[in-house]
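See below for the structure under consideration.
Lettering follows sequence order; numbering is per chain, from 1. The figures here come from the full heavy-atom set of this structure, side chains too, leaving out hydrogens, waters and symmetry mates. Just so it is clear, the model here is predicted, and its values are computed rather than measured.
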2 protein chains.
Amino acid sequence: MMKIGELSKVTGCSVQTIRHYEKEHLIASAERSEGNFRLYDEAAVEQLLFIKQCRSLDLSLPEIRQLLALNRSPGAQCDDVNRMMDKHIEQVEARIQELTKLNEQLGMLRRSCSNRRTVEQCGILRNLSATPASSG
Amino acid sequence: MMKIGELSKVTGCSVQTIRHYEKEHLIASAERSEGNFRLYDEAAVEQLLFIKQCRSLDLSLPEIRQLLALNRSPGAQCDDVNRMMDKHIEQVEARIQELTKLNEQLGMLRRSCSNRRTVEQCGILRNLSATPASSG
DNA sequence: ATAAACTCTATAGCAACTATAGAGTCAATC
DNA sequence: GATTGACTCTATAGTTGCTATAGAGTTTAT
Ligand SMILES: [Zn+2]
Ligand SMILES: [Zn+2]
Ligand SMILES: [Zn+2]
Ligand SMILES: [Zn+2]
């Protein structure tokens with residue numbers, strides 16, 4: 001059994017993050033030592049690494065909670081997992097599109113200014129001030 | 001002079017958002033009526049539209065505050081504006097790259113499961129559980 | 001006995017809002 | 001003139017996934 005500091009080192013999650021996950025019910029309340037310190041075993045390490053892996057894929061804590069629940073009910077079908085992943089992928093792709101469009105607009109705006117002008121003639125500020133044209 | 005509700009309608013910013021911008025010093029404290037209602041003129045409309053335009057480009061409130069300050073000091077050079085825009089564009093591009101990579105990983109993961117399996121054999125959950133391989 | 005290193009709980013902060021509660025204002029109707 | 005309804009006011013809490021802090025207790029070493 002290890003204390004929270006060691007679990008933190010082993011998994012690369014900060015101590016506060018681990019406590020945060022406990023509060024959010026992503027990991028079970030740990031056993032406690034006589035002095036009220038949290039005690040963890042190998043299963044906790046694995047679960048925390050699972051969570052970390054999910055977070056690196058930008059899955060939300062509620063999504064991870066759902067995956068963990070499915071993981072615990074082995075009779076369940078994969079459909080739920082797949083639906084969630086599809087939705088998540090959709091959102092990531094939508095965000096990429098948004099940002100790509102944004103990037104184009106920023107590029108155009110940036111090109112409207114050359115250095116060594118004073119702000120009065122600044123194309124950037126002028127374009128920002130202009131009433132936004134119809135988006136066509 | 002108009003009250004906050006009309007300013008909200010004209011600009012498409014919510015009433016709370018307008019009050020929030022005031023608290024954050026993006027717009028000046030408005031004049032008040034006898035009954036303590038905020039009163040706005042056309043200049044307020046324009047400034048709010050400027051802010052809205054900046055927000056649609058994902059500029060942060062501090063960045064917008066800086067642009068507004070530059071806008072008010074006409075002798076200033078464009079360099080500051082440009083530096084900020086370049087940095088902002090950099091960050092947007094970095095985020096796009098991150099998300100694109102993420103999207104690839106999610107796609108691979110998603111393909112590791114076909115429907116109508118039970119969770120025990122689920123490729124997604126198994127891959128999430130596996131200790132993350134070196135990223136090569 | 002004392003210090004260092006660790007842990008505990010509870011709370012506040014981040015970003016840019018959104019939502020709510022409880023109270024006050026204003027114009028119109030009965 | 002009392003009441004309704006629409007509007008506004010301030011202050012506060014919630015969103016997301018943490019991070020940082022304060023103040024106290026525990027453990028280990030000297
Ligand atoms: Zn998601
Ligand atoms: Zn310029
Ligand atoms: Zn920025
Ligand atoms: Zn599956």
Rounded to the nearest Å, what distance is computed from the [atom1] atom of residue [X] to the [atom2] atom of nucleotide [N]?
X	N	atom1	atom2	result
A:Arg55	D:dT16	CZ	P	12 Å
A:Glu22	C:dC8	CD	C1'	11 Å
B:Ile18	C:dT18	CD1	C1'	14 Å
B:Asp58	C:dC17	CG	C1'	13 Å
B:Lys23	D:dC9	NZ	P	13 Å

Counting side-chain heavy atoms from CB outward, which of [options] is closest to [X]?
X	options	result
B:Gln16	C:dT18, C:dT9, D:dG17	C:dT18
A:Arg32	C:dT7, C:dT9, C:dA16	C:dT9
A:Val15	C:dT18, D:dC9, C:dT7	C:dT7

Establish, from distance only, whether the side-chain atoms of A:Gln97 and A:Thr100 form a donor-acceptor pair under 3.5 Å.
no

To the nearest 0.5 Å, how far apart are CD1 in A:Ile18 and CD1 in A:Ile4?
5.0 Å

Point-to-point distance, once rounded to the nearest 0.5 Å, from CZ of B:Arg83 to SG of B:Cys78
11.5 Å

Taking the nucleotide of DNA chain C with the nearest heavy atom to each, does B:Tyr21 or A:Leu39 sit closer to the 5' end?
A:Leu39

Using the salt bridge (Lys or Arg N to Asp or Glu O under 4.0 Å) rule, pick out the option among B:Glu22, B:Glu6, B:Glu31 that qualifies with B:Arg38.
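Checked B:Glu22, B:Glu6, B:Glu31 against B:Arg38; only one passes salt bridge (Lys or Arg N to Asp or Glu O under 4.0 Å): B:Glu22.
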
